[in-house]
Amino acid sequence: MDNCIFCKIANGEIPSATLYEDNEFRVILDLGPASKGHALILPKAHAADIYELPEETAGKAMILAKHMAEKMKDALKCDGFNIVQNNGEIAGQTVFHFHMHLIPRYKGDQVGLTWKPGKLSDEERDEILAKIK
Ligand code: 5GP
Ligand code: ZN
């Protein structure tokens with residue numbers, strides 16, 4: 001992808017604060033962090049989102065997220081950890097190259113990743129089960 005900023009960062013064309021790199025991934029610090037240590041896992045091969053991402057890359061990305069979470073927890077002494085991955089504008093995606101957010105959480109931080117719980121009706125439950133299961 002010629003015009004994709006995360007392709008350029010992931011492949012080292014644009015410099016970034018890199019926490020980890022291998023043949024398939026780069027993990028960088030987010031330039032607009034939600035909290036101290038907020039990082040992004042970028043696959044080097046372009047995929048716009050979870051739908052385009054090859055299964056094998058998806059599996060490896062999750063394993064890498066686990067390793068990074070362990071390392072970052074030890075290093076940053078955070079109290080919790082969110083792993084977030086947005087697909088589509090309505091879901092908050094702003095860069096259309098798949099990435100996973102690694103967000104360390106600290107007691108008393110003001111990071112807002114919550115929602116107001118609704119209520120699952122019987123009709124909706126049945127409708128969804130009929131469509132997906
Ligand atoms: P999204 O909203 O697509 O899930 O996440 C995009 C993330 O990329 C945001 O958290 C934003 O701060 C970060 N970001 C956007 N452009 C750059 C950049 O050029 N460098 C880095 N390191 N982060 C970026
Ligand atoms: Zn890309």
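Each residue takes its place number in the sequence, starting with 1. Note that these values count all heavy atoms, side chains included, but never hydrogens, waters or copies made by symmetry. Just follow the structure's listing: the first ligand is 1, and inside any ligand the first atom is 1.
- Distance alone, capped at 3.5 Å, is enough to place a donor-acceptor pair between the H97 side chain and the P43 backbone.
- Neighbours of the Zn ion (ligand 2) restricted to protein N, O or S atoms under 2.8 Å: the count is 4.
- Of the possible polar contacts, none joining the K73 side chain to the M68 backbone as a donor-acceptor pair under 3.5 Å is found.
- Contact detail for N86 and G92: the closest heavy-atom pair is ND2-O, 3.7 Å.
- Checking side-chain atoms of D109 against main-chain N and O of R105 turns up no donor-acceptor pair under 3.5 Å.
- The heavy-atom pair separating M100 from A61 by the smallest distance is SD-CB, 3.7 Å.
- Among N82, D30, L113, I83, the one residue that satisfies the side-chain contact (heavy atoms from CB on, under 4.5 Å) test with H101 is D30.
- Under 4.0 Å from any atom of ligand 1, one finds heavy atoms of residues I5, F6, I9, I28, L29, D30, L31, G32, L40, N86, G92, Q93, T94, V95, H99, H101.
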Report the C-alpha distance between E21 and R26 in whole Å, list the side-chain angles of each, state the deciding distance to 0.1 Å, and finish with yes or no for salt bridge (Lys or Arg N to Asp or Glu O under 4.0 Å). CA-CA 4 Å; E21 185 185 5; R26 184 186 293 269; 3.2 Å; yes
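- The backbone N or O of I50 lies less than 3.5 Å from a partner atom in the side chain of N87, making a donor-acceptor pair.
- Of the possible polar contacts, none joining the D126 side chain to the E123 backbone as a donor-acceptor pair under 3.5 Å is found.
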